[in-house]
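Data block below; observations after.
Model, not experiment: these values are computed from the prediction. The figures here come from the full heavy-atom set of this structure, side chains too, leaving out hydrogens, waters and symmetry mates.
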Amino acid sequence: MKLKKYLWIFAASAIAMSIVGCNLFNPTESVEIASDDANALTYEGYIKFRNNEYTEAQNYFLRAIDADSTSSQAWYGLIKTKMNLQDINTFELLKYVNVSSGSKVPFTDMNDETAFKYKSGIDTVVLYTQMFIKRDTLGLLDGEITYRNISDGYMILQMMQAMLVLRETTKSLSSCTTPSGCDMGEVLNSLKEDPEEAVEAFHEVFQACSDNPSSMSGVFKDYLPGFDYIADDKRDEAVGAMCKAGAVSTEKTDDPAEIRKSLDIITSQSGYSDMVDDDGDGCIDEEIFDGADNDGDGEVDEDIRDKQNDIRYDDELSAKNALMGITDIKYLRIVKSAAPNKKYELYDLDFNGEVGGDDKNEWEYVYKTFEDREVAQNHLLKFAQNLRWNPSGLPIDEYLKIKWEISKDTDINNIKYDLETRKAFVGGCWERYTEEDFMNWFAGR
């Protein structure tokens, strides 16, 4: 199964497996607490909760927290009450996920009023849950209920939050008004101008999985190669490492180039690369997602080619490394071989005059095996041996800054960096461009 389907299968499977048993969503469990001070207030709060008197329950839980801020039972009751006050019907949300298939974006069939209700409600519940998690992590709660007890439900909320962020983007896309629905590739690539919220939402999903991988280990076993041979009692550790790597790749940063790179990783590994130069070096999708610099420009995984290409990873070794707790992408995405799919066969990624179907140098490493690449500290693809970077010898920070500015210089009617400037200060594939190639670079931007 292609990775472009994993996110939605991942979400639907997680919800289906966790919704009934996850105590964050279970409204009927009983609580036995001694009736004194905060405990008595908490007890009264649960009585009101079971009677569906959620406003009164909220008041009791807030008073209990005021009396004793370490009461995990009070915080837990408050979170569950907030969910019911926000009228979050998880089974209804699951219905919208299940009707989405192929590349269709979940929740596009949902009307704006309903989507706003769920987005606002989930944002509120997540906010209070994060307050609980922070206090639990810092040891400021009594430990009766911990993050691990609610992490399954929290991760589901994070996935729903990410999907609703993507749905918001669909409103500005013309394809989303058609009967066939939105194309996920168009949605993800449309986020490039303002990717921060989407990347943050995906980060929270990965982080929640990393903190408590047990709920997702079954999904990984079913859908990700390499995990089926790992013993059940060890699989959680491997899944945790994989999710931790995803969390690291999408970590919050103030650097807009890194934020967009994170979105590019998500887009390419979901199977929706856009076949354009995203990093301002003139090359198209020149990197393979392997945690290394494949083109020699000093950046890692900055403009990644689509996962749907015939890229063979050493899944068994990657899974073993994950089992050891390794979270460096270089050791979790170990490439054995790579070749273009039909789409990439038609493109000349490095502008040397040969399209991918004829140019093996665009797909073969200088050193064939990962072991040899590590020994040589050289993860270049063969085409990169003939590229010249930073020909003006700028300090690395200045060079990368110009490269970033060029990547944003996409208005053909207001070009700030002409072709000669790009050749002089960036080099790379720009040195092979004709004026016609240069004009074509702006197409679709």
Side-chain angles (χ1 to χ4, degrees), residues 3 6-7 10-11 14 122-123 126-127 129-134 136-138 147 151 154-166 169 188-189 191-213 215-216 220 224 236-270 272-273 278-279 287-294 297-304 307 318 321-322 324-333 396-397 400-401 403-404 407:
L3 193 56
Y6 287 175
L7 178 59
F10 185 85
I122 289 174
D123 287 349
V126 166
L127 175 64
T129 306
Q130 288 174 338
M131 293 167 63
F132 173 91
I133 292 170
K134 183 176 181 180
D136 181 56
T137 303
L138 295 175
Y147 172 39
S151 58
Y154 178 61
M155 185 166 62
I156 291 169
L157 290 175
Q158 293 290 1
M159 288 190 285
M160 292 297 186
Q161 196 175 44
M163 294 179 201
L164 286 166
V165 168
L166 293 181
T169 303
L188 286 171
N189 284 299
L191 292 168
K192 286 183 177 179
E193 295 307 311
D194 188 20
E196 187 169 0
E197 184 180 13
V199 170
E200 185 175 342
F202 279 104
H203 171 77
E204 294 298 337
V205 172
F206 288 129
Q207 188 62 56
C209 172
S210 171
D211 291 340
N212 185 36
S215 61
M216 297 313 304
F220 271 70
L224 292 186
D236 288 356
E237 298 174 39
V239 171
M242 292 292 288
C243 289
K244 180 64 174 177
V248 171
S249 297
T250 54
E251 207 144 38
K252 186 175 178 60
T253 174
D254 294 328
D255 185 345
E258 289 298 316
I259 295 173
R260 195 167 75 176
K261 183 190 294 186
S262 295
L263 181 64
D264 188 50
I265 291 173
I266 293 168
T267 303
S268 67
Q269 296 308 289
S270 299
Y272 299 109
S273 292
D278 285 320
D279 63 322
E287 296 265 340
I288 295 175
F289 186 45
D290 63 354
D293 180 6
N294 302 143
D297 67 350
E299 295 192 87
V300 173
D301 293 340
E302 75 279 7
D303 190 8
I304 303 173
K307 177 65 170 65
S318 297
N321 287 338
M324 295 169 61
I326 295 172
T327 58
D328 188 335
I329 289 296
K330 183 192 290 187
Y331 302 104
L332 298 178
R333 298 277 80 189
I396 186 65
D397 289 347
L400 292 177
K401 182 179 179 181
K403 197 162 167 281
W404 166 247
S407 75

[X]: what forms a side chain to side chain contact (heavy atoms under 4.5 Å, CB included) with it, not counting sequence neighbours?
X	result
Lys252	Glu196, Glu200
Glu299	Lys261, Asp279, Asp297, Glu302, Leu400, Lys403
Asp397	none
Thr253	Asp255, Glu258, Ile259

Using modelled atom types and a 3.5 Å cut-off, is there a donor and acceptor pairing between side-chain atoms of [X] and backbone atoms of [Y]?
X	Y	value
Asp303	Asp278	yes
Arg333	Ile288	no
Asn321	Leu332	no
Thr137	Ile133	yes

Candidate pair Ser268 and Glu287, rule side-chain contact (heavy atoms from CB on, under 4.5 Å), full reasoning: CA-CA 10 Å; Ser268 67; Glu287 296 265 340; over 6 Å; no
Results of side-chain hydrogen bond (donor to acceptor under 3.5 Å, both in side chains) for [X] - residues two or more places apart only:
X	answer
Ser249	none
Ser262	none
Glu251	none

Non-hydrogen side-chain atoms of Lys244 and Val248 separated by less than 4.5 Å: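 A side-chain contact exists here, since the closest heavy-atom pair is under 4.5 Å.
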Heavy-atom check, side chain of Ile265 versus side chain of Phe289, under 4.5 Å: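 In short, these two side chains touch, coming nearer than 4.5 Å.
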Minimum heavy-atom distance between Ile122 and Leu157, given as atom pair plus value: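 Reported closest heavy-atom pair: CG2-O, 3.7 Å.
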For the student: nearest non-hydrogen atoms of Val199 and Thr250, plus distance: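 The pair with the smallest heavy-atom distance is CG1-O, 3.7 Å.
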Can you name the salt bridge (Lys or Arg N to Asp or Glu O under 4.0 Å) partners of [X], sequence neighbours left out?
X	value
Lys330	Glu374
Lys401	none
Asp123	Lys119

Set of ring pair (Phe, Tyr, Trp, His ring centres under 6.0 Å) partners for Phe132, sequence neighbours left out: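 Not a single residue meets the ring pair (Phe, Tyr, Trp, His ring centres under 6.0 Å) criterion with Phe132.
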Spatial distance of atom OH (Tyr147) from atom NZ (Lys134) [nearest 0.5 Å]: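 One gets 15.5 Å once the value is rounded to the nearest 0.5 Å.
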